2 protein chains.
Amino acid sequence: MTQKRIAIFGSTGSIGTQALDVIAAHSDLFSAEILTAQSNDALLIKQALQFNPNIVVIGDEKKYLMVKEALASTSVKVFAGEKALEEVAGLDCYDMMLAGIVGYAGLRPTLQAVGMGKAVALANKETLVVAGDIVMQKARENRAAIIPVDSEHSAIFQCLIGEGNNQIDKIILTASGGPFLGKKPNFLVTKITIDSATLMNKGLEMIEAKWLFDLTPQQIQVVIHPQSIVHSMVQFEDGSIKAQMGLPDMKLPIQYALAFPKRIVNNFPRLDFKKQHALSFEEPDIKTFRNLALATEALNKGGNMPCILNAANEIVVYAFLRNRIGFLDMTEVIQQAMQKITFIEKPTLEEYFETDGEARNFAASLIHM
Amino acid sequence: MTQKRIAIFGSTGSIGTQALDVIAAHSDLFSAEILTAQSNDALLIKQALQFNPNIVVIGDEKKYLMVKEALASTSVKVFAGEKALEEVAGLDCYDMMLAGIVGYAGLRPTLQAVGMGKAVALANKETLVVAGDIVMQKARENRAAIIPVDSEHSAIFQCLIGEGNNQIDKIILTASGGPFLGKKPNFLVTKITIDSATLMNKGLEMIEAKWLFDLTPQQIQVVIHPQSIVHSMVQFEDGSIKAQMGLPDMKLPIQYALAFPKRIVNNFPRLDFKKQHALSFEEPDIKTFRNLALATEALNKGGNMPCILNAANEIVVYAFLRNRIGFLDMTEVIQQAMQKITFIEKPTLEEYFETDGEARNFAASLIHM
């Protein structure tokens, strides 16, 4: 059996490093063909020395020479810059891209891979949130399989396997309902933490799910499930519900996406119903979680509205993490952006890029950044 | 699209009548080709007049003339007796048998259908409990699909769809843990109720699951789940768990089995996670539910031991329902039968029949029936 050649875009991030753990544990099945990082040159070099990929790309061009020099004694080809990311995604030397770049920056390389008909293990929500119609259309045209890595979408994907033309009545996305709950004071706060706390991540997941599974907004429900054991569910047209469950552990959906359609034995900790005594569910409080209401509005409206939502959100979260605005101000800014930026019903890719820029500038101007 | 011609064995029982409801609601998809009943001639006649099947069989030969006469003005062919049940199962005029006869009596007609390579929607646990090796071997040889109707096994079947060669780590059968809980005083007590109360039904389901899904005893776990929402689960080799859920309603797995691989839209009440706030799980107490321990022992031992367990259980439940023995005596009698009847590791079908008779006689002798 030949190895599946994996291109990890965003190899130094949380998803990327875990994907490399999976590859290291199953070197008979996978090889790391391409590794890319935005700025963490030290880790990228370390990974390149361990996995001996064909190519590495460092996004930050100032770090090119450093990386090049460190890998001089190896056969690893080194490139740098945003443009190189996109070009490398267009090469034919890999079988599957793991799209692990966080945020809007992941869109262009992923589009490139899809255009090549490559399988994409998609960990980057924004790709579909911003330009889902264009990405999915391109995937259909080029027969590129998109396999979600997000635990929620992986759950839905797993529940749909083998169901053929059986129709979905609705999907039920589960939300933990608050990452600050029970955390220690020195808990690391990142964009993903903030998005989880505001339920914006769930809103983005709703939009992502719409495109991945070809759903109407009415077919997407969010339920708060504090234990994070049920990763999401599908209710079929006959009323039967299928759920995928497990301990919260990103390695499982990462491994699933890389190895699909095969499952691989592993030693990850396992859910045990002798110890897991209760699972609870409740409706999200839209009045508290106003971002979820905004995301639902963007989902319903369609066009470039999710792109506006996402761009404004990236700006306000960045500002919040730097203590430039308060927690509740974030929602205000997003809402204003959604009201002020010109709505386009069927944007071209260029119009998406323009919308993204406009929304960022507008949001930044409101918070004087 | 042509109708699927269904042969309902046990059409006047709980499963049979619900299957006819499904057929009546989807007469474009299904026709009732054969209906059989043991003794309820009045309902069988009524069903025949409504569904106009090709053939009806009444098990009790004394009722033949009554049924024959009532259907004289129709084109329905009428047969009677145990032998006729088996012969009719061997006809080629139907596409799928719904094996809805309760207890050991369902074995012979089901074997006949499997031998003809017919699809079997299996609602009769005992077929596999008693002679699972022979039935499954015959199904493989004749490429007969066996689709479970039991909600637990239907759940597992649904979770396995599309998983190809992915290995099962274990299945988790859920048990409500007591059908007497919260019931009204006039609640009808039947064999199925008693088997649920003693968890013998869960024990029989473990044995059934072993054969249906080709599992070792160690791969089968039972968990108490009082809400009966999660109908059962599968944990795969990668640790991922898939569950099938819904309101407790036998019509759904019946419809699923009849229409497989398609799902059909229906108006059955639906599970709503806005109303279902909690699901709980706990380990069964083997000391209280001694029948579950006995069934596990039979499962581990294999051979004709499950056949002995089932035969003795049918006798003691019959006796208990007629106030001939106490609730706790039932387990004693089954245990003694398992100790006293000769163990056979690889019984022939004839030896299964002999074991069944011996175990029944032995159990009956202990309770002076």
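Letters A, B, ... mirror the listed sequences (proteins, then strands); counts begin at 1. Values below: all heavy atoms of this structure, side chains included; hydrogens, waters and symmetry mates excluded. These numbers come from a predicted model, not from an experiment.
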- Hey, mind stepping through B/Lys274 and A/Gln221 against side-chain contact (heavy atoms from CB on, under 4.5 Å) and telling me if it holds? CA-CA 10 Å; B/Lys274 291 178 191 160; A/Gln221 185 182 357; 3.7 Å; yes
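Listed options B/Gln255, B/Glu163, B/Lys275, B/Glu282 were ranked by heavy-atom pairs under 4.5 angstrom with chain A; first place goes to B/Glu163. Heavy-atom pairs under 4.5 Å with chain A were tallied for B/Ile224, B/Leu279, B/Val230; the largest tally goes to B/Leu279. Looking only at heavy-atom pairs under 4.5 Å with chain A, the residue among B/Gly246, B/Ser280, B/Ala243, B/Gly162 that has the most is B/Ala243.
Contacts of A/Val223 with chain B are made by side-chain atoms alone, with heavy-atom separations under 4.5 Å and no backbone atom involved. Of the atoms belonging to B/Leu271, heavy atoms from both backbone and side chain fall under 4.5 Å from chain A. The parts of A/Gln244 that come within reach of chain B are both its backbone and its side chain, each placing non-hydrogen atoms under 4.5 angstrom from that chain. Residue contact with chain B, scored on non-hydrogen atoms closer than 4.5 Å, involves the side chain of A/Asp169 exclusively. If you measure heavy-atom distances from A/Leu252 to chain B, the contacts under 4.5 Å come from the side chain alone.
By the 4.5 Å heavy-atom criterion applied to side chains, A/Phe273 and B/His225 are not counted as neighbours. For the pair B/Ile264 and A/Asp238, the minimum side-chain heavy-atom distance is 4.5 Å or more.
Of the possible polar contacts, one joining the B/Asn166 side chain to the A/Arg263 backbone as a donor-acceptor pair under 3.5 Å is found. In this structure, the side chain of B/Lys242 engages the main chain of A/Gln158 through a donor-acceptor pair within 3.5 Å.
One finds the CG atom of A/Asn266 at 10.0 Å from the OG atom of B/Ser240 (value rounded to the nearest 0.5 Å). Taken from CG in A/Asp272 to CD1 in B/Ile172, the straight-line distance is 8.0 Å, to the nearest 0.5 Å.
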